[in-house]
Amino acid sequence: MLKSSHGEYKFSIAFKDVFYVPNLITLSRLPFVPLIIYCLSQRDSRAYQMVSFGLMAVCFFTDWLDGYLARRLNQVSALGKAIDPLIDKIVVIAFVIALIFYRDFPLWAALIFAGKDLILMVFGLVMIKLRKTAIAANIWGKINMWVLGGMSGLYVINFPFKIVF
């Protein structure tokens with residue numbers, strides 16, 4: 001994998017990359033999505049609220065952990081650079097949609113968060129398809145993920161003083 005100017009990576013994906021610990025952690029976020037949505041659908045159960053909050057916290061923590069381990073274990077891979085932001089976007093969009101249906105999350109705020117992530121996901125897929133490059137994740141993406149996590153967490157647990165947008 002060669003880094004060019006502007007933070008782009010030229011790459012080819014190797015099958016062995018799937019088995020790198022950071023990539024397995026990234027992929028492990030996907031099964032949490034239906035579990036979280038199910039827990040959110042149980043509106044009147046405080047236990048399910050806390051389980052969904054805990055599962056979301058695990059997803060947000062593993063978003064940080066996979067990148068940390070990739071650098072620490074020297075397992076940075078083209079596959080990881082492609083799937084980490086893609087899975088992040090899938091998880092965020094699924095959370096936001098579930099919050100709209102089950103926690104009265106404001107539709108306009110959801111459109112901003114999900115719309116931004118949809119645009120970035122499509123742009124990333126186009127870059128991979130056409131230019132065989134992946135745009136490297138940066139600190140702003142991580143900050144966005146943590147801010148969204150904090151705000152959505154208030155809706156998950158039905159906190160009475162939800163953030164006023």
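Predicted model only: the values in this text are computed from it and were never measured.
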Roughly how far apart are Leu35 CG and Met56 CE, rounded to 0.5 Å? 13.5 Å
Mind checking the CD1-OG1 spacing from Ile87 to Thr62? Nearest 0.5 Å is all I need. 9.5 Å
Considering residues at least two apart in sequence or located in another chain, which fulfil the side-chain hydrogen bond (donor to acceptor under 3.5 Å, both in side chains) criterion with Tyr102? none
Shortest non-hydrogen pair, Arg103 vs Val156, comes out as NE-O, 3.1 Å
Joint hydrophobic cluster, Val96 plus Val58, side-chain heavy atoms closer than 4.5 Å: yes
Nearest 0.5 angstrom please: Leu99 CG to Asp104 CG, how far? 10.0 Å
Grab the two heavy atoms, one from Ser52 and one from Ile36, that are nearest each other, plus how far apart they are. CB-O, 4.1 Å
Give a yes or no on whether the backbone of Gly80 and the side-chain of Ser77 come within a donor-acceptor separation of less than 3.5 Å. yes
Grab the two heavy atoms, one from Phe105 and one from Ala110, that are nearest each other, plus how far apart they are. CE2-N, 3.7 Å
For the residue pair Phe19 and Phe15, categorise the inter-ring angle as parallel (less than 30°), tilted (30 to 60°) or perpendicular (more than 60°). perpendicular
Have a look at Asn23 and tell me which of Asp17, Leu69, Val18 forms a side chain to side chain contact (heavy atoms under 4.5 Å, CB included) with it. Asp17
Could I get the full list of side-chain hydrogen bond (donor to acceptor under 3.5 Å, both in side chains) partners for Arg43, not counting sequence neighbours? none
For Asp63, what residues pass the salt bridge (Lys or Arg N to Asp or Glu O under 4.0 Å) criterion, not counting sequence neighbours? Arg29, Lys142
Pro31 and Pro34: which non-hydrogen atoms are nearest, and at how many Å? O-CD, 3.3 Å
Gap between atom NZ of Lys16 and atom CG of Leu79 - 0.5 Å precision: 10.5 Å
Keeping the roles fixed (side chain from Gln49, backbone from Leu40), state whether a donor-acceptor pair exists under 3.5 Å. no
Joint hydrophobic cluster, Trp64 plus Leu24, side-chain heavy atoms closer than 4.5 Å: no
Rounded distance [0.5 Å steps], CG in Leu73 versus OH in Tyr68: 8.5 Å
Hey, what's the ring geometry for Phe60 with Phe95, parallel, tilted or perpendicular (30° and 60° as the breaks)? tilted
For Tyr20, is the OH atom crowded, meaning more than 12 foreign heavy atoms sit under 6.0 Å from it? yes
Rounded to the nearest 0.5 Å, how far apart are CD1 of Ile90 and CG of Leu30? 6.0 Å
